[in-house]
Amino acid sequence: MHRDSDVVPLDKRTPGVPAIEELIFPQPDRLYARRIRRLNALAGEQGEYFRFLSRLVGIQQSLVGRMLLSEADATAIHALIQHGYAQPDLEQKLEEIAVWRTVFAELVQELLPVLPLSAQAAMEASQQSVLALSRQAAQLLRGDYATVDAGLSVVLWAALSVCWAQTVAFFSQSAKGGQVAACPCCGAPPSGSVVLGGDREGLRYLQCSLCETRWHRVRGLCVSCGASSKLEHFTLDDLKSATQAEACGDCGTYLKVIRLDYDPDLEVVADDLGGFTLDALVQAEGFSRAGLNPFSFPV
């Protein structure tokens, strides 16, 4: 495994071929550090938004280090996840959990100096009503992305992600994987899929856009519908490209694939965002995007 990987190496003391782990839980500090490096590298090519995102992830990293969830907070969030995001009183449940709003307020406070005046006003206004902010958080969790301002969505999702990642880690001993399209730990869509290298050479995992957990998904099957007969892989150069799009002719969806076995320095969220030219190519072929990049919400 590459020395800068955010995935813990397998225990070499275990003889033989180890069993495939259903779930790989994130190490937030390593994960955020890796994402910041990639965003900074891409910023040199693609501009100011990547530098803004690097700052955002840096604040997430700081918050994880100094704002650990209490057992009560984690238990409340876990209960909310277990009941699903379709529950009719989701807004009320979110309103009763203060910690994610505290994280959101910290993110906003740190980001205000680098935001345009119009965005500053919108961010500050978003905190004036707990009910309204809880409603917007609920809309995001339900997948109603177009109902929330795209700029607010990125920061609000980042706050939820800090809390959801810690919650899933808190309950990791009872978590179970599965060959499913949405995260088995928190129910959010994947940000993309990764093919790992190192001691997990060739294994594919989907990475959650919210709690950042990776769950094993068999290769050669569509992530969305499970079919295999009409899968295609698109790249901008050749099939050894480290950034690919796997498209399914059966259900008409596609998801990016980041080949860490080809380039171990890549990071799924940053490099997916940096490869939107590939998205345009695949969408021109009639495929719609599955999954969610938390830095680029649909509008």
Side-chain angles (χ1 to χ4, degrees), residues 1-9 24-69 100 103-116 119 123 150-166 168-169 188 190-198 205-214 242-243 256-260 262-276 291-297:
M1 181 60 66
H2 192 265
R3 65 181 179 86
D4 291 328
S5 173
D6 60 302
V7 181
V8 175
I24 301 176
F25 297 100
Q27 297 187 56
D29 190 60
R30 287 189 181 187
L31 182 146
Y32 290 140
R34 182 188 186 89
R35 187 166 293 166
I36 289 167
R37 283 196 299 272
R38 286 304 297 156
L39 288 167
N40 287 337
L42 291 164
E45 306 168 13
Q46 305 193 44
E48 192 61 34
Y49 186 52
F50 285 85
R51 284 186 283 274
F52 167 79
L53 292 174
S54 176
R55 184 183 180 104
L56 172 65
V57 178
I59 302 166
Q60 286 182 294
Q61 185 180 40
S62 173
L63 287 169
V64 165
R66 60 185 172 86
M67 288 189 65
L68 297 177
L69 262 65
W100 66 269
V103 172
F104 176 72
E106 289 268 354
L107 284 170
V108 170
Q109 187 63 34
E110 293 286 339
L111 290 170
L112 280 178
V114 299
L115 292 174
M123 286 293 174
L152 175 62
S153 296
V154 169
V155 181
L156 184 51
W157 192 270
L160 294 169
S161 181
V162 167
C163 298
W164 263 238
Q166 291 189 58
V168 168
S191 51
S193 66
V194 293
V195 177
L196 300 181
Y205 285 81
L206 304 185
Q207 183 162 321
C208 180
S209 58
L210 185 57
C211 75
E212 306 280 7
T213 299
R214 289 169 174 163
T243 302
K256 288 280 192 57
V257 183
I258 304 298
R259 296 294 303 258
L260 298 182
Y262 293 169
D263 187 344
D265 289 323
L266 301 189
E267 195 281 320
V268 62
V269 175
D271 283 283
D272 170 52
L273 188 66
F276 271 12
L292 172 71
N293 188 305
F295 295 153
S296 179
F297 280 82

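- Applying the side chain to side chain contact (heavy atoms under 4.5 Å, CB included) test to Pro113 and every residue at least two apart in sequence or in another chain returns nothing.
- Using a distance-only test at 3.5 Å, with no hydrogens or angles considered, a donor-acceptor pair links the side chain of Ser193 to the main chain of Lys256.
- In this structure Arg38 satisfies the side-chain hydrogen bond (donor to acceptor under 3.5 Å, both in side chains) test together with Asp271, sequence neighbours excluded.
- Of all the heavy atoms in Leu42 and Ala270, the pair that sits closest is CD1-O, 3.3 Å.
- For the pair Asp272/Thr243, no side-chain contact is recorded, criterion being any heavy-atom separation below 4.5 Å from C-beta on.
- Remark: Arg55 engages no residue in a side-chain hydrogen bond (donor to acceptor under 3.5 Å, both in side chains) (not counting sequence neighbours).
- Under the side chain to side chain contact (heavy atoms under 4.5 Å, CB included) criterion, Asp263 pairs with Ala242, Asp265, Leu266, not counting sequence neighbours.
- In this structure Glu267 satisfies the side-chain hydrogen bond (donor to acceptor under 3.5 Å, both in side chains) test together with Arg35, sequence neighbours excluded.
- Qualifying ring pair (Phe, Tyr, Trp, His ring centres under 6.0 Å) partners for Tyr205, counting only residues two or more places apart in sequence or in other chains: His216.
- When each of Ile258, Val268, Leu292, Leu273 is paired with Ser191, the side chain to side chain contact (heavy atoms under 4.5 Å, CB included) condition holds for Val268 and for no other.
- Not counting sequence neighbours, the partners of Ala105 by the side chain to side chain contact (heavy atoms under 4.5 Å, CB included) test are Gln127.
- The side-chain hydrogen bond (donor to acceptor under 3.5 Å, both in side chains) test applied to Ser54 returns Asn40, not counting sequence neighbours.
- From Leu111, atom CG reaches atom CG of Leu56 across 5.5 Å, with rounding to the nearest 0.5 Å.
- Using a 4.5 Å cut-off on side-chain heavy atoms (C-beta onward), Arg34 and Val57 make no contact.
- Residue pairs meeting the side-chain hydrogen bond (donor to acceptor under 3.5 Å, both in side chains) criterion with at least one member in residues 58-68, sequence neighbours excluded: Asp29-Gln61, Ser62-Arg66, Arg66-Glu106.
- Scored by the side chain to side chain contact (heavy atoms under 4.5 Å, CB included) test, Ala150 finds Val299 as partners (sequence neighbours excluded).
- Put simply, the side chain of Leu206 does not reach to within 4.5 Å of the side chain of Arg214, judged on heavy atoms.
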Side chains of residues 152-166: which donor-acceptor partners sit under 3.5 Å, not counting sequence neighbours?
residue : atom : partner : partner atom : Å
Ser153  : OG   : Asp149  : O            : 2.9
Trp157  : NE1  : Ser209  : O            : 2.7
Ser161  : OG   : Leu210  : O            : 2.5
Trp164  : NE1  : Tyr85   : OH           : 3.0
Gln166  : OE1  : Leu69   : N            : 3.0
Gln166  : NE2  : Met67   : O            : 3.4

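- When atom types are taken as modelled, the side chain of Tyr262 and the backbone of Val195 share no donor-acceptor pair closer than 3.5 angstrom.
- Considering all non-hydrogen atoms of both residues, Leu68 and Val64 come closest at CD2-O, 3.4 Å.
- Between the CG atom in Leu63 and the CG atom in Leu107 there is a gap of 5.5 Å [rounded to 0.5 Å].
- With sequence neighbours excluded, no residue forms a ring pair (Phe, Tyr, Trp, His ring centres under 6.0 Å) with Phe50.
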Practice prompt. Give the intermediate values and the outcome of side-chain contact (heavy atoms from CB on, under 4.5 Å) for residues Ile24 and Thr213.
Written response: CA-CA 6 Å; Ile24 301 176; Thr213 299; over 6 Å; no

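- One finds the CD atom of Gln109 at 11.5 Å from the CZ atom of Phe104 (value rounded to the nearest 0.5 Å).
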Fill in: Worked verdict on Leu31 versus Gln207 for side-chain contact (heavy atoms from CB on, under 4.5 Å)
CA-CA 12 Å; Leu31 182 146; Gln207 183 162 321; 4.1 Å; yes

